[in-house]
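Worksheet: the structure to be examined is printed underneath.
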2 protein chains.
Amino acid sequence: MVTISDIAKELNLSISTVSRAFTNPEMVKEVTRKQIIEKADEMGYQVNMIASQLRNKSSKLIALVSLQPRMSWFTDDLLNGAQEYVREEGYEIVTLNAHNAKVDSISICERMRFAGIIIAATELGRDVEVKRSKMLPTVYVNRMSEEGNNILTDDAAGISDLMDYLYSIGHRKIGYISGPENSLNSVIRLNTFKKKMQEYDLPVRDEWIERGEWMAEDAREAARNILSLPEYPTVLVAANDQMCIGVYQAIQEKGLVVGRDISVAGYDNTEFSQWMNPPLTTVSLPLYEMGQIAARTLLMKIEGKEEIKKEQIVRGELIIRESTRTV
Amino acid sequence: MVTISDIAKELNLSISTVSRAFTNPEMVKEVTRKQIIEKADEMGYQVNMIASQLRNKSSKLIALVSLQPRMSWFTDDLLNGAQEYVREEGYEIVTLNAHNAKVDSISICERMRFAGIIIAATELGRDVEVKRSKMLPTVYVNRMSEEGNNILTDDAAGISDLMDYLYSIGHRKIGYISGPENSLNSVIRLNTFKKKMQEYDLPVRDEWIERGEWMAEDAREAARNILSLPEYPTVLVAANDQMCIGVYQAIQEKGLVVGRDISVAGYDNTEFSQWMNPPLTTVSLPLYEMGQIAARTLLMKIEGKEEIKKEQIVRGELIIRESTRTV
DNA sequence: TTGAAAGCGCTAACAG
DNA sequence: CTGTTAGCGCTTTCAA
């Protein structure tokens, strides 16, 4: 493997000059520099960041640690947002998957002396437990942590917007399929649903509230239960998009048509929601933006600049499609 | 930041003993070792892999470089397969996204002196150009490269299996919506389709062959064209699942029912294909397995063991669901 | 504008 | 079983 010393030897220069040609080019005479760069290219030289990091004690690599078995849509959009931001500042992001790891991912980040860590959890309060880093600046996305900085989505505002919209187009009989009890996102969404119902002076009917584990299958079962009642709602809200697939199935089984006979709305704006038939009304998770904010916050911590907010809450957007309609 | 020398000082030991306690524990007396480990914990010590790598010239980090703007399903399953394999061997994978990077990802891998690189391309022959690494062992997934080792999927076998199945359930009039011409996957799939038609002594009717850019919208248009013909096929095969969404839409627009009036089949077995209505018949891309093979191949290269096959072709599986039926 | 030399934290050969 | 020491490749004083 070629080193600056190899280049120096070839050119009869000192290693310091070669080093400077790369890190402080203006300190090296034009012609010498040209020579060095050329020779380096020819020899296939690449700076050894390992060595330079040991010397400088500073890394330009940020870890995005994903707590899910599959990285998928959640990490993906988050990454894009974060990436765009950090690249402007000369950093790069590498993604680690904490699921099933032999050595915990946080330790890997620490041992590699990465510049900082972004932790991404899909479910507030439910993902794998993860060691907190005492060594590296960390920000948490969709996870509450006492010590770090938390970037959260405004689930209450999201459901609130959705409910207002449904109310405004005439819905009064609203069914709800919640996520699991131990997910904070789920709890917030459900509570907001109930709160809004009270606000509208509408009864919260227990038989119209079901619960699932975020999965299509659970929701199909749940929707079947609700639809088999003597009276059922004019709209079914599910706590995430995935469950709406099951809701669509149950509705179809009953010979009804989504968006005509009964409305459906979800949450997350996952990619396939636009491809459903009919396309699903939902609330977006502002992942791209959360990624950017996470990145900005992390870089501020890394560079030890200003005081940073403990919590930043980002609002999603109501996306109206054909699965909901006026009654 | 605490170092072995800090621990050594606290304990009145030499740094070598402390170092050994971590890397060659059997060389250190039981009690001394216990002491060291305890003190290290107490002080929050984490080995500085940067320093130890500089010394050892060996890394345990493998880079998975994704060439797509979004990592999504493709990289995701690949990663899971590769991860499972390398973790057994004490390696860890970090994912880099090459899209829009300021510094090319391969250079980053080289500069960080990672152990090796897995390059993941979604489309044979179409993704971003990427520098080849002269420094690090590399394997390519779904990308042909002269120098590296290539892990490919058997598109010909996949389409072949699908066609045999369609033929066996009575289909003789088969339409095809191809992907773009400059994607090798697409070309192989299309050519296999034609070859099979000839094999069955069936005419390849040009008006029943359309082309799209892998997108649902293109395929909707394409399917509309085919369905507006005086005579149309009993089954539409699209070169990927994503396009089947558009095919479903076009069929529905015409008042027909997928799986009853006309059959549809795709390719890739992307996650949502099972959630389509009706669930889509398709051919799986064996990404998990390809990930494992890529990992195994790469580790063999890294450890310089046996001779390695230049190309490994992995066969996907025909997945029969309700979108196709006997005519 | 260039060179000599120290040192980042760690490992391993060598000596005890 | 433990300590001393050289050196991995780089950056950065300091001196020329």
Side-chain angles (χ1 to χ4, degrees), chain A residues 1-37 39-40 43-61 90 107-115 135-136, chain B residues 1-37 39-40 43-61 90 107-115 135-136:
Chain A
M1 197 136 310
V2 21
T3 69
I4 46 171
S5 135
D6 297 329
I7 300 177
K9 238 169 264 165
E10 288 281 319
L11 261 30
N12 272 318
L13 287 166
S14 73
I15 56 167
S16 350
T17 307
V18 178
S19 170
R20 276 191 284 256
F22 296 110
T23 42
N24 289 92
E26 70 286 357
M27 295 181 70
V28 177
K29 213 206 313 176
E30 176 82 22
V31 296
T32 328
R33 192 176 66 224
K34 282 241 170 86
Q35 238 186 109
I36 294 175
I37 304 292
K39 184 57 87 180
M43 300 176 73
Y45 172 75
Q46 284 282 9
V47 197
N48 186 337
M49 287 303 295
I50 297 303
S52 90
Q53 222 180 276
L54 177 59
R55 174 63 224 236
N56 286 334
K57 291 147 164 295
S58 99
S59 161
K60 287 291 189 183
L61 245 36
S107 293
I108 292 180
C109 298
E110 293 181 338
R111 306 223 257 258
M112 290 303 297
R113 301 293 193 266
F114 287 152
M135 191 183 282
L136 304 180
Chain B
M1 197 134 312
V2 21
T3 70
I4 46 170
S5 133
D6 298 327
I7 300 177
K9 238 168 264 166
E10 288 281 319
L11 259 32
N12 270 318
L13 288 165
S14 73
I15 57 167
S16 359
T17 307
V18 178
S19 171
R20 278 192 283 257
F22 296 110
T23 44
N24 289 92
E26 71 285 358
M27 296 179 70
V28 176
K29 213 206 314 178
E30 174 82 23
V31 295
T32 327
R33 192 174 68 224
K34 282 244 171 82
Q35 238 187 108
I36 294 175
I37 304 292
K39 184 55 89 178
M43 300 175 75
Y45 172 75
Q46 284 283 7
V47 198
N48 185 337
M49 287 303 294
I50 297 303
S52 94
Q53 223 180 276
L54 178 59
R55 174 63 225 235
N56 287 335
K57 293 148 161 296
S58 101
S59 161
K60 287 292 190 183
L61 245 36
S107 293
I108 292 180
C109 298
E110 293 182 338
R111 306 224 257 258
M112 290 304 294
R113 300 294 193 267
F114 287 153
M135 191 183 283
L136 305 181

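Chain letters run A, B, ... following the sequence lines, proteins first, then strands; residues in each count from 1.
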request  = Enumerate the residues from residues 3-15 of chain A whose closest heavy atom to DNA chain C is under 4.0 Å, giving them by residue number; use none for an empty result.
outcome  = A:Asn12, A:Leu13, A:Ser14
Can you check the [X] [atom1] to [N] [atom2] distance for me, whole Å?
X	N	atom1	atom2	answer
B:Arg33	D:dC1	CZ	P	9 Å
B:Glu30	D:dT2	CD	P	11 Å
B:Leu54	D:dC10	CG	C1'	8 Å
A:Phe22	D:dC10	CZ	P	9 Å

When we call it a touch if two heavy atoms are under 4.0 Å apart, what does [X] touch: a base, just sugar-phosphate, or nothing?
X	result
B:Met49	nothing
A:Thr23	sugar-phosphate
B:Ser52	sugar-phosphate
B:Tyr45	sugar-phosphate

[atom1]/[X] to [atom2]/[Y] distance, rounded to the nearest 0.5 angstrom?
X	Y	atom1	atom2	answer
A:Leu13	A:Ile4	CG	CD1	11.5 Å
B:Ser107	A:Gln46	OG	CD	4.5 Å
A:Asp6	A:Leu11	CG	CG	11.5 Å

request  = Walk along DNA chain C from 5' to 3' and tell me the first and last nucleotide with an atom closer than 4.0 Å to a non-hydrogen atom of chain A.
outcome  =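 The footprint of chain A covers C:dT1 to C:dG9.
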Student check: side-chain heavy atoms of [X] and [Y] closer than 4.5 Å:
X	Y	value
B:Met112	B:Leu61	no
B:Arg113	A:Met1	yes
A:Arg20	A:Arg33	no
B:Arg111	A:Asn48	no

request  = Answer yes or no: is there a donor N or O on one side and an acceptor on the other, between the side chain of B:Ser19 and the main chain of B:Ile15, under 3.5 Å?
outcome  = no
Sidechain-backbone polar pair: B:Asn24 side chain, B:Met27 backbone, donor-acceptor under 3.5 Å = no
message = Between the base of D:dG9 and the side chain of B:Arg55, is there a donor and acceptor pair under 3.5 angstrom?
response = no
ask   = Which residue lies toward the 5' end of DNA chain D, B:Met27 or B:Asn56, if each is placed at its nearest nucleotide?
value = B:Met27
task = Report the nucleotide, chosen from D:dT13, D:dT2, D:dC10, that has the shortest atom-to-atom distance to any side-chain atom of B:Arg20.
result =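 The answer is D:dT2.
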